[in-house]
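All remarks here apply to the structure that follows.
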There are 2 protein chains.
Amino acid sequence: MTQRIHFNARIEGVEYDVLDELVGYAVRRAQLSIYEDFAATMDGEEITPQRFSSLVIVENNPGISQTRLAEVMGIARSGVVAIIDGFEEKGLIERQASGDRRSYSLLLTKAGARQLKRYKQAVKEHDERISAALNQAEKKQLCALLRKLCPP
Amino acid sequence: MTQRIHFNARIEGVEYDVLDELVGYAVRRAQLSIYEDFAATMDGEEITPQRFSSLVIVENNPGISQTRLAEVMGIARSGVVAIIDGFEEKGLIERQASGDRRSYSLLLTKAGARQLKRYKQAVKEHDERISAALNQAEKKQLCALLRKLCPP
DNA sequence: TATTGTTATACTCTATAACTATA
DNA sequence: TATAGTTATAGAGTATAACAATA
C-alpha cells in the first residue's frame with residue numbers, strides 16, 4: 001500500500017503543548033506547508049526553492065562567482081558546483097571567463113532567462129495561493145516581522 | 001582551508017529581486033536563520049527540531065502509535081522507526097504493547113521526561129533569542145499570521 | 001483485505017577535506 | 001600563502017515498495 005506523505009500543520013485531537021508557543025515552530029510549520037505547495041506547483045519541473053533562488057540571484061547579479069553565490073545561499077561551494085552543473089546541462093546558465101582565471105562569471109543564457117520568466121510566473125501564483133488568507137497589509141506585516149527574525 | 005557555512009539572510013550589494021516580495025521566501029529565510037541558531041544552541045546534543053518535536057508529541061500524547069506520529073510530523077512511517085530507535089537506544093522513549101498487537105504505544109521514560117525538560121528549557125531560550133527583536137504582541141501577531149499560511 | 005511496524009534501497013542535500021590552477 | 005572551482009566521500013533525511021504479523 002502506498003502512503004501519501006503530507007504535512008498537516010495541526011491535527012485534530014493531537015496535543016502540541018509548547019510547540020504552539022514557539023515562534024520557531026510556527027515558522028517551521030508554515031515552511032513545511034509552503035514547501036509542499038511549491039513542490040505540487042512545480043510537479044514535473046526540475047526546480048526547487050533553492051534552485052529557483054539561485055536562478056534569480058544569477059539573473060539579478062550577472063557575473064556573480066560561484067563562491068559568492070554559495071555565500072548568498074548559505075551553502076558550501078561544492079553544493080553550488082552541482083547546482084550550476086545541472087543548469088549548464090539544461091542550457092540555462094553559462095560559466096563565462098572572468099578577469100580572475102580562477103573563477104567564473106555566472107550568467108543566465110537566453111533560454112535561461114525565458115525559463116526563469118516562466119518559473120517566476122508559476123512561483124508568484126504559488127505564493128499568492130499560499131498567502132491567499134492574507135490581505136496586502138497583512139502580507140507586508142508578516143514579511144516585516146519575519147525580517148526581524150533574521151540577524152542583521 | 002575550512003569554509004564555515006552560514007546563512008546570511010541579506011548580503012550587502014546583492015540584488016534579491018522578486019525574492020524580496022515572496023512570502024514563501026521570507027519564511028524560508030527566517031527558517032534558515034532559526035535553524036542555524038537552533039543547531040548552535042544544541043551543539044553537542046543529539047537533537048534536531050524534528051526530534052525535539054517528536055519528544056514533545058509523545059510526552060503530550062502518551063501511547064501514540066508510530067503511524068500516528070508519522071502523520072503528525074508529516075513524514076513516512078519508516079522515518080519514525082529510525083527516530084524512535086534512536087530514542088529507545090538512549091532510553092528516552094519506550095515502545096509498550098498496545099491493545100492492537102500490530103502497534104506500539106509510545107511513551108516517554110522517566111529519563112526521557114527529565115531530558116525533555118532540559119531540552120525544552122534550552123529551546124525556549126533559543127526561541128526567545130531568535131525572536132528578541134519582537135515584543136509579545138508582535139510575537140502573537142507573527143504566529144497568527146503564520147497560522148493563516150497553513151491550510152486548515 | 002487492510003493496517004502496523006519493519007527492512008532494504010535509492011535519492012537528494014549537504015559538509016568536509018583534499019586537490020589543481022591560479023593569484 | 002591564499003583563493004576559486006572541483007572532486008571524492010560520508011552522513012543525514014527522506015520516500016518507496018515489499019514483507020510478516022495481526023486485524
Side-chain angles (χ1 to χ4, degrees), chain A residues 1-7 28 31-32 35-36 38-40 42-43 45-54 58 63-89 93-107, chain B residues 1-7 28 31-32 35-36 38-40 42-43 45-54 58 63-89 93-107:
Chain A
M1 279 296 98
T2 24
Q3 38 175 342
R4 185 151 311 294
I5 302 305
H6 159 70
F7 177 67
R28 182 179 154 77
Q31 215 270 325
L32 290 169
Y35 183 81
E36 199 168 297
F38 186 101
M42 298 313 204
D43 186 48
E45 306 282 346
E46 284 181 327
I47 194 80
T48 61
Q50 176 91 272
R51 283 162 201 270
F52 173 73
S53 304
S54 48
V58 170
I64 193 171
S65 73
Q66 294 186 186
T67 293
R68 178 77 162 157
L69 184 56
E71 191 191 346
V72 174
M73 303 210 299
I75 64 173
R77 289 177 297 147
S78 55
V80 170
V81 174
I83 292 174
I84 303 304
D85 281 354
F87 282 134
E88 204 174 43
E89 271 173 37
I93 280 186
E94 60 184 11
R95 289 171 159 109
Q96 272 200 0
S98 75
D100 185 334
R101 276 155 65 197
R102 290 172 302 181
S103 72
Y104 293 121
S105 281
L106 299 178
L107 290 171
Chain B
M1 282 292 98
T2 25
Q3 40 177 339
R4 188 153 308 291
I5 302 305
H6 160 70
F7 177 69
R28 181 179 155 76
Q31 215 271 323
L32 290 169
Y35 184 81
E36 199 169 298
F38 186 99
M42 298 312 203
D43 186 47
E45 308 280 348
E46 284 182 326
I47 195 78
T48 60
Q50 175 91 270
R51 283 163 200 270
F52 173 73
S53 304
S54 46
V58 170
I64 192 173
S65 73
Q66 294 186 188
T67 294
R68 178 76 162 161
L69 184 56
E71 191 191 347
V72 174
M73 304 210 300
I75 64 173
R77 289 178 297 148
S78 55
V80 170
V81 174
I83 292 174
I84 302 303
D85 281 354
F87 283 133
E88 205 174 41
E89 271 171 39
I93 280 185
E94 60 183 11
R95 290 171 159 112
Q96 273 199 0
S98 75
D100 185 334
R101 277 154 66 196
R102 290 171 304 183
S103 73
Y104 292 122
S105 280
L106 299 179
L107 290 172

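Naming convention: chains lettered A, B, ... in sequence-line order (proteins, then strands); numbering from 1 in each chain.
In this structure, A:Asp85 places its CG atom 9 Å from C1' of D:dT6, rounding to the nearest Å. Taking atom CG on A:Leu32 and atom P on D:dG13, their separation rounds to 14 Å, with Å as the unit. Spacing between atom CD of B:Gln96 and atom C1' of C:dG5 amounts to 17 Å, rounded to whole angstrom units. Rounding to whole angstrom units, CZ of residue B:Arg68 and P of C:dT3 are separated by 15 Å. One can place CZ of A:Phe87 at 17 Å from P of D:dG5, the figure rounded to the nearest angstrom. Taking atom CZ of residue A:Phe7 and atom P of nucleotide D:dT14, one finds them 12 Å apart after rounding to whole Å.
Proximity of B:Arg4 to the phosphate of C:dA17: no side-chain N or O atom is located under 4.0 Å from OP1 or OP2. Checking the phosphate oxygens (OP1, OP2) of C:dT3, no side-chain nitrogen or oxygen of B:Ser103 falls inside 4.0 Å.
A:Gln96 CD to A:Ser103 OG: the interatomic distance, rounded to the nearest 0.5 Å, is 12.0 Å. The distance from atom CG of B:Asp100 to atom OG of B:Ser105, rounded to the nearest 0.5 Å, is 9.5 Å. Interatomic distance, B:His6 NE2 to A:Ile75 CD1, rounded to the nearest 0.5 Å: 14.5 Å.
Residue-level contact check: A:Arg95 touches the backbone only, with heavy atoms under 4.0 Å from sugar-phosphate atoms and none from bases.
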Restricting both atoms to N or O, compile the protein contacts to nucleotides 11-15 of chain C shorter than 3.5 Å, with distance only.
{"from": "C:dC13", "atom 1": "OP2", "to": "A:Arg51", "atom 2": "NH2", "distance (Å)": "3.0"}
{"from": "C:dT14", "atom 1": "OP1", "to": "A:Gln50", "atom 2": "NE2", "distance (Å)": "2.9"}
{"from": "C:dT14", "atom 1": "OP2", "to": "A:Gln50", "atom 2": "NE2", "distance (Å)": "3.1"}
{"from": "C:dA15", "atom 1": "OP2", "to": "A:Ala76", "atom 2": "N", "distance (Å)": "2.6"}

Using the 3.5 Å cut-off, write out each protein N or O paired with an N or O of nucleotides 20-23 of chain D and the distance between them.
{"from": "D:dA23", "atom 1": "OP1", "to": "B:Arg101", "atom 2": "N", "distance (Å)": "3.0"}

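Within the 4.5 Å cutoff, the side chain of A:Tyr104 has no heavy atoms near those of the A:Glu94 side chain. In this structure the side chain of A:Leu107 never reaches within 4.5 angstrom of the side chain of A:Ile64, judged on heavy atoms.
Listed by chain and number, the residues in a side-chain hydrogen bond (donor to acceptor under 3.5 Å, both in side chains) with A:Glu89 amount to none (sequence neighbours excluded). In this structure A:Thr48 satisfies the side-chain hydrogen bond (donor to acceptor under 3.5 Å, both in side chains) test with no other residue, sequence neighbours excluded. With sequence neighbours left out, A:Arg101 forms a side-chain hydrogen bond (donor to acceptor under 3.5 Å, both in side chains) with no residue at all. With sequence neighbours excluded, the residues forming a ring-ring contact (aromatic ring centres under 6.0 Å, His included) with B:Phe38 are B:His126, listed by chain and number.
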